[in-house]
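The first residue in the sequence is number 1, and the count goes up from there.
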Amino acid sequence: MVNLKTVLLKFSGPLQSWGTNSHFETRHTDTHPSKSGVIGMIAAGLGYQREDDKKINRLNSMNFAVRIDQTGTILRDYHTAHKYKESGNIDRTYVTNRYYLQDAVFVVALSSEDVGLINDIISAVKKPYFPIYLGRRSLPPTADLYLGTVDTDAISALKDYPWQASEWYQKTGNKRLQIFADASLIESGSNRIRNDEPLSFSQKKGRKFSPRRETSIFINAVVSRDLEEHDAFGAIRE
């Protein structure tokens, strides 16, 4: 029998951004966290450098799944910037659009048989070496990022863990929650290819990612009577 341990993380900052296909002046976000984004966060917490390809690739071995507890809404941040000539005249005007998820809540599950890897993940989120963030440097996680560790697989952990959405959202939202996971973790369900398994975060050699097959299923939410109102700003704390 395989002995799996799963780390559960709550992503619930005021803003999040999980782009996997952004280019140039337009920075998109996906509707839920990417595996590459989460691995990048863990790698930063462990103090890995962008050139540490072998260390970063070790993190790819963990099983990855995410549950959408509160969908949030898309926010567009519009910017203009000027490039000036030596004469002081404007040479070019840049228009940039950055997209974010606002007021979204996710529960991420990371599982492995490797106890050392699990302990590394816990250390990375509880005592990060470099600052960790929810997709972009300006987006810090909340104080309740680490939810705990359970002795089961990622999918079972997400099926059993209480719904983390805001109280108001639970009253108005659908109690069917969607899980996205590595295709190997789910026997049946709709699937797609997502280019979010990192091979390198190197800025010198260029960031490289490989395609990953992702499968999704719907589950019934487990409603906790002890649920506290989700306050994205209040949870940041001082």
So, taking the atom named [atom1] in [X] and the one named [atom2] in [Y], what distance separates them when rounded to the nearest 0.5 Å?
{"X": "Ile121", "Y": "Leu110", "atom1": "CD1", "atom2": "CG", "answer": "5.0 Å"}
{"X": "Ile68", "Y": "Phe11", "atom1": "CD1", "atom2": "CZ", "answer": "13.0 Å"}
{"X": "Asn3", "Y": "Asp151", "atom1": "CG", "atom2": "CG", "answer": "8.0 Å"}
{"X": "Arg58", "Y": "Leu117", "atom1": "CZ", "atom2": "CG", "answer": "4.5 Å"}
{"X": "Lys175", "Y": "Ile219", "atom1": "NZ", "atom2": "CD1", "answer": "13.5 Å"}
{"X": "Phe180", "Y": "Leu158", "atom1": "CZ", "atom2": "CG", "answer": "12.5 Å"}

Okay, side chain of [X], backbone of [Y]: is any donor-acceptor separation there less than 3.5 Å?
{"X": "Gln16", "Y": "Ala104", "answer": "yes"}
{"X": "Thr6", "Y": "Thr152", "answer": "yes"}
{"X": "Asn57", "Y": "Lys54", "answer": "no"}
{"X": "Gln164", "Y": "Pro162", "answer": "yes"}
{"X": "Ser34", "Y": "Gly37", "answer": "yes"}
{"X": "Thr172", "Y": "Trp168", "answer": "yes"}
{"X": "Asp153", "Y": "Ile155", "answer": "yes"}
{"X": "Arg67", "Y": "Tyr161", "answer": "yes"}
{"X": "Thr215", "Y": "Leu185", "answer": "no"}
{"X": "Asp182", "Y": "Phe64", "answer": "yes"}

Partner of Phe106 under side chain to side chain contact (heavy atoms under 4.5 Å, CB included), chosen from Thr71, Val66, Leu9, Leu134: Val66

Going by heavy atoms in the side chains, are [X] and [Y] under 4.5 Å from each other?
{"X": "Glu197", "Y": "Ile39", "value": "no"}
{"X": "His32", "Y": "Glu214", "value": "yes"}
{"X": "Leu177", "Y": "Phe218", "value": "no"}
{"X": "Asn60", "Y": "Pro198", "value": "yes"}
{"X": "Pro141", "Y": "Ile132", "value": "yes"}

ILVMFWY network linking Leu75 to Tyr133, side-chain heavy atoms under 4.5 angstrom: no

Same apolar cluster (I L V M F W Y, side chains within < 4.5 Å links), Val223/Tyr169: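 Linked within one cluster.
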
For [X] and [Y], which I'm curious about, is there any donor-acceptor pair between the side chains at under 3.5 Å?
{"X": "Asp114", "Y": "Ser112", "result": "no"}
{"X": "Asn89", "Y": "Ser87", "result": "yes"}
{"X": "Asp120", "Y": "Ser123", "result": "no"}
{"X": "Asp103", "Y": "Gln70", "result": "yes"}

Member of Lys35, Arg213, Arg212 meeting the salt bridge (charged side-chain N to carboxylate O under 4.0 Å, His left out) criterion with Asp196: Arg212

Arg176, CZ: over 12 other non-hydrogen atoms inside 6.0 angstrom: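 Enclosed.
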
Of all heavy-atom pairs between [X] and [Y], which one has the smallest distance, and what is that distance?
{"X": "Leu8", "Y": "Val107", "result": "CD2-CG1, 4.2 Å"}
{"X": "Pro211", "Y": "Asn195", "result": "N-OD1, 3.3 Å"}
{"X": "Leu46", "Y": "Ala124", "result": "CG-CB, 3.7 Å"}
{"X": "Ala43", "Y": "Ile56", "result": "CB-CG1, 4.3 Å"}
{"X": "Phe130", "Y": "Tyr48", "result": "CE1-O, 3.8 Å"}
{"X": "Ser17", "Y": "Thr29", "result": "CA-OG1, 3.5 Å"}

Ser12/Asp144 under side-chain contact (heavy atoms from CB on, under 4.5 Å): CA gap, chis, key distance, verdict: CA-CA 9 Å; Ser12 59; Asp144 54 354; 3.9 Å; yes

Residue pair Val125, Ile42: steps toward the side-chain contact (heavy atoms from CB on, under 4.5 Å) verdict: CA-CA 7 Å; Val125 296; Ile42 299 299; 3.8 Å; yes

Pair Lys208 + Asp53, salt bridge at N-O below 4.0 Å: no

Carboxylate-amine/guanidinium proximity below 4.0 Å for Lys10 and Asp69: no

Check: Tyr100 ring centre within less than 6.0 Å of Trp18 ring centre: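 No, they do not, as the ring centres are separated by 6.0 Å or more.
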
From CA spacing to verdict: side-chain contact (heavy atoms from CB on, under 4.5 Å), Leu101, Thr73: CA-CA 6 Å; Leu101 285 172; Thr73 56; over 6 Å; no

Verdict with supporting geometry, Val95 and Asn97, side-chain contact (heavy atoms from CB on, under 4.5 Å): CA-CA 7 Å; Val95 175; Asn97 291 282; 4.3 Å; yes

